[in-house]
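Structure first, commentary second.
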Protein chains: 2
Amino acid sequence: MSTLRARRRKRTADTIRKAAVELALSDGLDNITTEMIAERAGISLRSFFNYFAFKEEALLPPPVALSDEKVEQFVNGSGPLLDDLADLLVAHFRQTEINRTQLRALLELSRTHPKLMFVKDQTFCRYEDQMGVVIARRLSVGPEDPRPRLMAATVAAAIRVGVSRWVAEGQGQIEDEVLSTVTALRDLFQERTPGTPRLRRL
Amino acid sequence: MSTLRARRRKRTADTIRKAAVELALSDGLDNITTEMIAERAGISLRSFFNYFAFKEEALLPPPVALSDEKVEQFVNGSGPLLDDLADLLVAHFRQTEINRTQLRALLELSRTHPKLMFVKDQTFCRYEDQMGVVIARRLSVGPEDPRPRLMAATVAAAIRVGVSRWVAEGQGQIEDEVLSTVTALRDLFQERTPGTPRLRRL
DNA sequence: GGCAAATTTTGCATATCGCGCAAAAATAGC
DNA sequence: GCTATTTTTGCGCGATATGCAAAATTTGCC
């Protein structure tokens, strides 16, 4: 249970991640080997696989869990669900430190690299699962109710779109882009005049 | 552009797919090799990679494009957008032939196998892209409008949930499950009484 | 039918991945 | 400082996946 060992381990993992990202961005993911990453990180090839199951896992930052405090705030919130959820997400993204240029390059790479896409999806899926849980708590419904899951899925989809938009052309902070995309969900399919679709502007 | 060669090619691809799925379901994905698949399909190992970029690609059926006729019907439709879109999807899923047990096993496998998940996601992403295009046409808006993309993303998310639910416990046809999940999107975040969330049943 | 061109299949060599195992090294508790 | 536990490492190995060129097959054409 040594916290020292845990910290050391985390430090090494970060070193490996840094080495992997630098190499991937400079030389291209196809032109680097796990051996090169290990060498740059100052560990043996075999040790690399003690930290990551496969090469691409070292390329994306580890998923960060939602803050417990903010989760409780959401579960007990009294505003419209979507707004309260947006608050939770904004607080979360605000505390993540993301390099936009780097993230753009990595997301672009993930489009053609199966294992990198896997890692990316795992990250989003974890968000989705967490959201499903907290939404179910907020609504006080059990696992048989399909709404939390569907809500979490659509919100996760909106987050994806928001992140993608921010990475591509966003000017401000990532949390602003996510916020506007997520809250746009409310009226997405509410057409003013059935027959001649005139949707509200995003 | 010999159509005979194309048909032969498709036939061989299907043979390989069949061999791969049978082996994966009977022996487990981890216990089979590309060589075993190739042998069962009656081709050389090297030829396998002429048909599929990697082993797992042979496990899922090739994505089917939306029917042109139904797409035009949707683009020119006059009902509520979500209903017309649901019609398009129902027509599409109706014509796909899916073995529920097999699909369940493969989706379960994809949760832990990066490359299989990649193939699955590619399939869903293609749906999402196609939907984005047809929704933009329907709304007569250009690529700068963010709504088609967000709509497509949320509908794709709903399809995922619908398919997942059908695979897990669905009794009827897959298109019915998809239909009810997608149409549930309309009122998902429309709360009757802000403050005390009382959402409509799915 | 038979020949030449184009395409597909195949064998072989090769680089890398990723895991199992056990020895060596580092670290923790006492 | 000694021993137990954990981590790192070296080595071997099977499997994946690619490039290249020869062999086989198919196609168009006469």
Side-chain angles (χ1 to χ4, degrees), chain A residues 1-21 23-24 26-60 109-119 122, chain B residues 1-21 23-24 26-60 109-119 122:
Chain A
M1 285 302 188
S2 165
T3 184
L4 189 143
R5 264 184 174 151
R7 266 181 296 167
R8 243 186 87 87
R9 188 170 180 80
K10 185 167 169 43
R11 206 163 51 87
T12 306
D14 285 338
T15 304
I16 300 175
R17 259 188 259 270
K18 194 160 171 289
V21 170
L23 279 174
S26 67
D27 293 17
L29 183 49
D30 290 322
N31 302 318
I32 65 175
T33 67
T34 45
E35 200 160 7
M36 293 163 69
I37 299 173
E39 192 184 7
R40 179 182 266 243
I43 56 166
S44 72
L45 169 64
R46 189 60 187 82
S47 284
F48 177 91
F49 289 104
N50 288 343
Y51 284 87
F52 301 97
F54 45 91
K55 183 170 67 172
E56 292 78 2
E57 203 177 13
L59 288 175
L60 292 189
L109 277 179
S110 78
R111 288 171 42 84
T112 53
H113 288 75
K115 298 194 179 178
L116 188 54
M117 180 180 278
F118 178 77
V119 179
Q122 290 264 342
Chain B
M1 284 310 158
S2 164
T3 185
L4 190 143
R5 264 184 175 151
R7 265 181 298 168
R8 239 188 91 86
R9 187 169 182 81
K10 182 164 172 47
R11 207 162 52 87
T12 306
D14 285 339
T15 305
I16 300 176
R17 260 188 259 270
K18 192 159 171 291
V21 170
L23 279 175
S26 67
D27 294 16
L29 183 49
D30 291 322
N31 302 319
I32 66 174
T33 66
T34 46
E35 200 160 7
M36 292 162 70
I37 299 173
E39 191 184 8
R40 178 183 266 243
I43 56 167
S44 71
L45 168 64
R46 190 59 187 80
S47 285
F48 177 92
F49 289 104
N50 288 344
Y51 284 87
F52 301 98
F54 46 92
K55 183 172 66 173
E56 291 79 2
E57 202 177 14
L59 288 175
L60 291 188
L109 276 179
S110 77
R111 288 171 43 83
T112 53
H113 288 74
K115 299 195 178 179
L116 190 54
M117 180 181 278
F118 178 78
V119 179
Q122 290 265 340

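Residue numbers begin at 1 in each chain, while the letters A, B, ... track the order of the sequences. Fair warning: this is a prediction, and the values are worked out from it, not measured in the lab.
Comparing C/dT16, D/dT16, D/dT27 against the side chain of B/Lys115 picks out D/dT16 as the nearest.
Taking only side-chain nitrogens and oxygens, B/Thr34 comes nearer than 4.0 Å to OP1 or OP2 of D/dT16. Contact annotation: A/Arg8 side-chain N/O to C/dT27 OP1/OP2 distance is under 4.0 Å.
For A/Arg11 and A/Asp14, the salt-bridge test fails: no basic side-chain N is under 4.0 Å from an acidic carboxylate O.
For residues 36-49 of chain A, the side-chain hydrogen bond (donor to acceptor under 3.5 Å, both in side chains) pairs, not counting sequence neighbours, are A/Glu22-A/Arg40, A/Ser44-A/Ser47, A/Arg46-A/Asn50.
Side-chain contact between B/Met36 and B/Asp27 is present, with heavy atoms from C-beta onward closer than 4.5 Å. Within the 4.5 Å cutoff, the side chain of B/Ile43 has no heavy atoms near those of the B/Thr15 side chain.
Protein atom CD1 of B/Ile37 is 12 Å distant from nucleotide atom C1' of D/dT16, rounded to whole Å. Atom CZ of A/Arg5 is separated from atom P of D/dT5 by 11 Å (rounded to the nearest Å). B/Arg11 has its CZ atom 11 Å from the P atom of D/dT26, to the nearest Å. Put simply, CG on B/Leu29 is 14 Å from P on D/dA15, counting in whole angstrom units. Atom-to-atom, CG of A/Asp30 to P of C/dC17 comes out at 11 Å; the value is rounded to the nearest Å. Distance CZ (A/Arg7) to C1' (C/dT27): 14 Å, rounded to an integer number of Å. Between the CD atom of A/Glu35 and the P atom of D/dC11 there is a distance of 12 Å, rounded to whole Å. Atom NE2 in B/His113 sits roughly 12 Å away from atom P in D/dT16 (whole-Å rounding).
A side-chain donor-acceptor contact under 3.5 Å links A/Lys55 to the backbone of A/Ile32.
Within residues 41-55 of chain A, the residues approaching DNA chain C are A/Arg46, A/Phe49, A/Ala53, A/Phe54, A/Lys55, by heavy-atom distance under 4.0 Å.
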Practice problem: Kindly indicate, with the supporting measurements, whether the criterion side chain to side chain contact (heavy atoms under 4.5 Å, CB included) is fulfilled by A/Lys115 and B/Phe118. | Solution: CA-CA 7 Å; A/Lys115 298 194 179 178; B/Phe118 178 78; over 6 Å; no
Quiz item: When you look at A/Tyr51 and A/Glu57, which way does the side chain to side chain contact (heavy atoms under 4.5 Å, CB included) test go after all the steps?
Solution: CA-CA 9 Å; A/Tyr51 284 87; A/Glu57 203 177 13; over 6 Å; no
